[in-house]
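The block underneath contains the structure these notes are about, expressed in structure tokens.
The sequence lines fix the lettering, A, B, ..., with proteins before strands; numbering per chain opens at 1. Side chains are part of it too, since the values below use all heavy atoms of this structure and drop only hydrogens, waters and symmetry mates.
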Amino acid sequence: MNNVNGSVVGSSSGSGDGSAPRRNSKRPKYSRFTQQELPACKPILTPKWVISVFTLIGVVFVPIGIASLMASNDVVEIVDRYDNVCVPPNMTNDKVAYIQNNETDKSCRRTLEVPKHMSQPIYVYYQLDNFYQNHRRYVKSRNDAQLRKHSQENETSGCDPEKRTKDGAPIVPCGLIAWSLFNDTYIFAIGNKNLTVNKKGISWKSDRDHKFGKDVLPKNFQSGPLIGGGKLDDTKPLSEQEDLIVWMRTAALPTFRKLYGRIEQDLNAGDVITVTLENNYNTYSFSGKKKLVLSTSSWLGGKNDFLGIAYLAVGGLCFFLAVAFTIVYLVKPRKLGDPSYLSWNRNPAGH
Amino acid sequence: MPPTPPFGHWLSKHIKTGKSNCTHDREGESVEEMGQPELADADARLIIVGDPGRTDPHLQLAGNAVRTAKYSPFTFLPRNLFEQFHRVAYVYFLVIAVLNQLPQLAVFGRGASVLPLAFVLLVTAVKDAYEDWRRHRSDRIENNRAASVVDPRDGQFRPKRWKDVRVGEVLKVFADETNPCDMVLLATSDPTGVAYVQTINLDGESNLKTRYAKQETTSRPIGDEHPFAAGLIRCERPNRNIYGFLANMEIDGKRVSLGPSNIILRGCELKNTAWAIGVAVYAGSETKVMLNSSGAPSKRSRLETHMNRETLLLSAVLITLCSVVSICNGIWLGKHRNDLELSQFFRKRDYSDSDENYNYYGIGMQVFFTFLMSVIVFQIMIPISLYISMELARLGQAYFMIRDTNLYDESSNSKFQCRALNINEDLGQIKYVFSDKTGTLTENKMEFQCASIRGRDYSSGKVPLQDNGGTHSDLVGDQIWKPKMSVKTDPELVALLRSKVETEQGKQAREFFLALACCNTIVPLVVETADQTQKLIDYQGESPDEQALVYAAASYGFVLIERTSGHIVIDVLGDRQRYDVLGLHEFDSDRKRMSVIIGCPDKTVKLYVKGADISMFGVIQKTINLDIIRATETSINAYSSLGLRTLVIGMRKLSRNDFEEWQSAYENASTELIGRGRLLRAVASNVERDLHILGASGIEDKLQQGVPQAIESIRQAGIKVWVLTGDKQETAISIGFSCKLLTSEMTQIVINSNSRESCKKSLQDAVALSSKLAAISPDSENILRGTGSSRIALALVIDGNSLVYILETELEEELFKVATVCDVVLCCRVAPLQKAGIVALMKNQTDDMTLAIGDGANDVSMIQMADVGIGISGQEGRQAVMASDFAMGQFRFLVPLLLVHGHWNYQRMAYMILYNFYRNAVFVFILFWYVLYTAYSLTTAISEWSSVLYSVIYTALPTIVVGILDKDLSRRTLIKYPQLYRAGQRDERYNLKLFILTMMDSIWQSVAIFYIPYLAYRQSVVDGSSLGDLWTLAVVILVNIHLAMDVFQWNWITHASIWGCIVATVICVIIIDSIWMLPGYWAIFHIMGTGLFWLCLLGIIIAGILPRFTTKALTEYFMPNDIQIARELEKYQNINAATTSEIPMITLSQPL
């Protein structure tokens, strides 16, 4: 076997009769690259490494998990579902007819109690359940060119089926997304003192500056036979219609919240908030839910325990694995790189 | 007129017919003889010498311009696309891209849907275009070379470009020039019309070959107007047989036959001849060299076959996913049937024009469309990029194999050649090696060892020839001419030859060496040396055996000095004598002998014959000298058992009558048009009878360097070596011993039967014996030796005669049973077709991979039959190399090729395939989970550009780099422990179990990637694009980390590609999110500003990788495989090696 190494590896030494100098030798040029001998690191998962990796993950994950859970706990959230209660009792059998009727009064009054002190800013969200803002028919139905420039207002491709009016005039903004603009409104008061809701700056600045044009005014909007949602102020350019901009950032999942505004003052525990709302938006036709949400925020966003629990679980599991691996390693150690473990040295009669 | 000549494409026909009826395969040297139909008028082509205009005006003769390029600028696009779409996978992606163009199904934008396919097509097209451009360039250079052509108007030679040369024109070629077309020699600078050519460009043989101009044309004075204008050549239609040519020439009313020795082929170089004049008969694409320049046959690697099986599984998964989505979509639509009209996000009706439905065709159609759309969305479940990645990786692997200095052969100055680019990984799974002997295990450099003359054995030739005294040099003027190589001579024989006493033995010995010196086709070439007074005679010839014999004769004092077409000059013991060569019957594989008829200076006519013993003993006169024949036979057997190749020499004095009878028959036969080959054979057989035995020679075929060690390594690697040789049984066995294939401990099973029944019986005996040995050995053996080998080694020796009864009958199975329990199989006296038959037998009976290695034309069928064919680019021409998948210079390179490169390539490719499946599956599953939350409407949160770029840019490079560069073990370890090769044979790196585990892992990872953000972001303000960006980054980072975890060796290229790819992905996502046109504008910046994003990312990566990491750590430590142990050895023994060297060696050679 030793011979094999000698003669096969060192092949260049042999080959006797090439004594005459060869001018055009085809011998490949030697380089570490071509001989696949680049310096390299060859990591091996030794027990030391494995145990330290598991321990390290545990050490990092458990504190993060605890911090996340604490952050989530600090968030105060008030959620109020109102779509089912803001219907006159005589209309509960035909909510769609109620909501489609422009004549009836849609206003509705809700009272919310603040459970814990809420420090400002308090975010006001509306939450829709079961509304597929990510439906394929829906997400595609918009035209970003039209939204951006006045000169492109005839650009309505992709906006089907809300493209043009019956007489062929382009709708600005076109498409189902804009057409279905959410239009419930909320007015908050504590006692008889109104809470101001700041609706400025609720959309992304990048959207206001670059996606929605300052010279694009709504045109022929919501003039079709079927009204999808809110109307727009024809005198305000799109870049200032922040509710539309928020609405047009389509949500990722069928249950979503959108920012309505901010209450820029603290609320104390036990405060009773009166909400006067206009229940305009039709979610009855697809049995969706509407909720009003008031929430503070933490460094991690809103109230959500999942991430904290997940981090704790993974961290705990890693601690467990580290311990388990250590025990198995102590019970059944193996010498690394012991040739007697090679399969051909391990035959039954071997040792 | 039939479009193809009847015997023309024997090579291509051969490939098609496979093992069954390749009757037109030939033994190496005698290619043109067997079964060649004669030139029929209908198949003939008429060429009027010197008049291309009148030459065959009806036929569209090819011009001499060659075109190896496949495409022209205009045809490139359609033809290249057509060729590329031969792959089923590409058609699949094309269909999907087309489907996507239908407005109802438009999932992706137009650009994004076509991009991946376009990218793959473009890469391949660019590669093809580059290669074609290089071919165009070389074509142009080739076509514009200058040739010297007779101008028909005044008979002067004028320069002309190669591409303008036409069939029928008369050309002049000068020494060292390359021949522009296939031409029939008319005259040469040699008055007898001899020209020497080197055919290295054609078949790789570097020795000179002799070509003759016919006496009828050489005699014509040069400088006449239209010197050869009267000639009319009728030749066969173009074919690719470079060793055959059939034609005749009518000149001055005489009919002269032309054969392969009268033609110089395109690509040959004229050597040692000042000039040669010839007439072009085949030009351009019809020349033999061009007809032969076809690529290697395409094979498909076993890994790829398995991969296709798994691709089918993946298609099933794909169809399941699509069905789930479409059925759920149907259910959803059914449930919300009444809501669709008013739901803001669906809005069934289009009110703008008429009250028709907008893009809604009823639930049935919606389900159908959803199905098609989901196929489009989930299309990358079948990884398109895998095909191109595999091709690139193989290209890289081939690059490293070619550049490996360990595979470079100095003696023949040949690099490793990768002729087939798609079976690199098969090299790592070989179970059987079928090897030719001559030229593969041996050097095919023959050396004369011993002679038996008149029954007396002279084999003590151990004394090397001294330079003085006994040197047989020849004085020409004041110059000394001597043969280039000298042979060890037997002093007794030398004394006998030189003795002045006339004995019968001495006479016979002289005749014997005279026969050796003249009964051949060797050409002596005189080579200058540094010493002015000394010149070397270099014997050039096509058969190495003949060269050895002529050198031997020269060493004994019979120096062949000159050969022309009519006579030879031999220096007989210092006395120059001229012998007329009256006739020559070339060697053919039917007769297995050749003969010359010599007119001696003493006016006698003698026939000298040499040939294989079997054929010779049939034509030797047995009535007298029976004891001499017996003694000779004994010597021959003794020689064979030493591993020598034997030839028997005989002679007969021809009487005047005999000679005249022969002469007329010979002349008739050789001018005959129809049945010439057959007639010549008949003439030969007729005259080769009643021979007087002179003796026999033994020639040693030296083993190549390192063969025994290589065979030892290969066998340790669990590869069974079969040697298939045309040699005699004794020779084969002795070679077997000398290359350590056979050892004295082995039990030999010998099968040589002459009938079906006896063959059957010996096979059954062999089966019984082997099972008996298998039954008794395990315990006894292990106690005795305690080593890995658990039973007595068996060797099977079987000869070609027996194989006739076995192959393609029901006995095949018996043979297979015996052969598989034997460690070594030696097949001797096998015909080329039987070689292929044996390989086919193993291929049919097992799934194991076979490799055939050989160097000669007789190995071609075997090389093509085996899963991997390797050609030795050595002495015997290039046909084996042309037919092979890989070509190299030495047999021993098989060790680094299989154990090192094969192992690496298999390991790399296996991982690459699994990884690509996994990578795309993770992505598809993420898309699938999301679709479940979009009312089954197939929206993707990941932007369409990201999903297109995912497998092309985000994750493509690292897997290719790893597929080219990663090494699980170093070269040294792999060669030190050949047993590590068995991992490939056991399919350890790619099998169904691994595939399923990988798929399960990919499902888990997709769950982690999708559901961690899903749960963390539920009931939040997050928008689709932001979440999509998180998913994109998470999946790309996770699959790259997954790859990083599996990389064995980290060099800077690996680092750069893996981390570079992650960075590139981030950059791409940022770029995509900076385009205001797209809905995801600025999303990445918003989400990256939140802590939740980073926590999700970290959580995904750890949670996703954890199961795999844990299993990997556990199996590597507690259930290590051989490769893992060897890696640890490599890492930790190096540290030990510094203090105590050579420890692994000792432990290895003396295992516990």
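- Between P1079(B) and V139(A) there is no side-chain heavy-atom pair separated by less than 4.5 Å.
- A donor-acceptor pair is defined here as one N or O able to donate and one able to accept, closer than 3.5 Å; no such pair exists between the side chain of K42(A) and the backbone of E1128(B).
- Using a 4.5 Å cut-off between heavy atoms, I44(A) contacts chain B through both its backbone and its side chain.
- For a residue to count as touching a neighbouring chain, one of its non-hydrogen atoms must lie under 4.5 Å from one of that chain's; by this rule S31(A) does not touch chain B.
- The part of D338(A) that comes within reach of chain B is its backbone (N, CA, C, O), which places non-hydrogen atoms under 4.5 angstrom from that chain.
- Relative to the six-membered ring of F1118(B), R334(A) misses at least one condition, a distance below 6.0 Å or an angle of at most 45° to the axis.
- Between the side chain of R347(B) and the backbone N or O of P161(A), at least one donor-acceptor pair lies under 3.5 Å.
- Every residue two or more places apart in sequence or in another chain was checked for a ring-ring contact (aromatic ring centres under 6.0 Å, His included) with Y399(B), and none qualifies.
- A donor-acceptor pair under 3.5 Å is absent between the side-chain atoms of T405(B) and the main chain of Y30(A), judged by distance alone.
- Within the 4.5 angstrom heavy-atom criterion, only side-chain atoms of K140(A), from C-beta onward, approach chain B.
- Contact of L321(A) with chain B is made through the side chain alone, with heavy-atom distances under 4.5 Å.
- We find the CG-CZ distance between D1023(B) and F256(A) to be 11.5 Å, quoted to the nearest 0.5 Å.
- Relative orientation of the F54(A) and F1109(B) rings is perpendicular, given thresholds of 30° and 60° on the angle between their planes.
- The CZ atom of R137(A) lies 6.0 Å from the OH atom of Y358(B); values are rounded to the nearest 0.5 Å.
- Side-chain N or O atoms of Q344(B) include one that pairs as donor or acceptor with a backbone N or O of N282(A) at under 3.5 Å.
- Looking at K211(A), its side chain never comes within 3.5 Å of a backbone N or O of Y1081(B) through a donor-acceptor pair.
- Contacts of C1096(B) classified as disulfide bond (SG atoms under 2.5 Å apart), with partners at least two apart in sequence or in another chain: none.
- In terms of modelled atom types and a separation under 3.5 Å, the side chain of E1130(B) and the main chain of G337(A) share no donor-acceptor contact.
- Listed for the R27(A) side chain is no donor-acceptor partner under 3.5 Å among the backbone atoms of D409(B).
- H1086(B) contributes atom NE2, which lies 3.5 Å from atom OG of S206(A) (distance to the nearest 0.5 angstrom).
- With a 4.5 angstrom heavy-atom cutoff, P43(A) touches chain B via backbone and side-chain atoms both.
- A distance-only check finds no donor-acceptor pair linking the side chain of R249(A) to the backbone of V1022(B) [under 3.5 Å].
- Heavy atoms closer than 4.5 Å to chain B are found in both the backbone and the side chain of Y132(A).
- A donor-acceptor contact shorter than 3.5 Å is absent between the side chain of N134(A) and the backbone of A941(B).
- If you look at F345(B) and F286(A), their ring centroids are closer than 6.0 Å.
- The aromatic rings of Y1117(B) and F325(A) sit tilted, their planes meeting at an angle between 30° and 60°.
- Contact annotation for V96(A): only side-chain heavy atoms (C-beta onward) come within less than 4.5 Å of a heavy atom of chain B.
- Of the possible polar contacts, none joining the R257(A) side chain to the V1021(B) backbone as a donor-acceptor pair under 3.5 Å is found.
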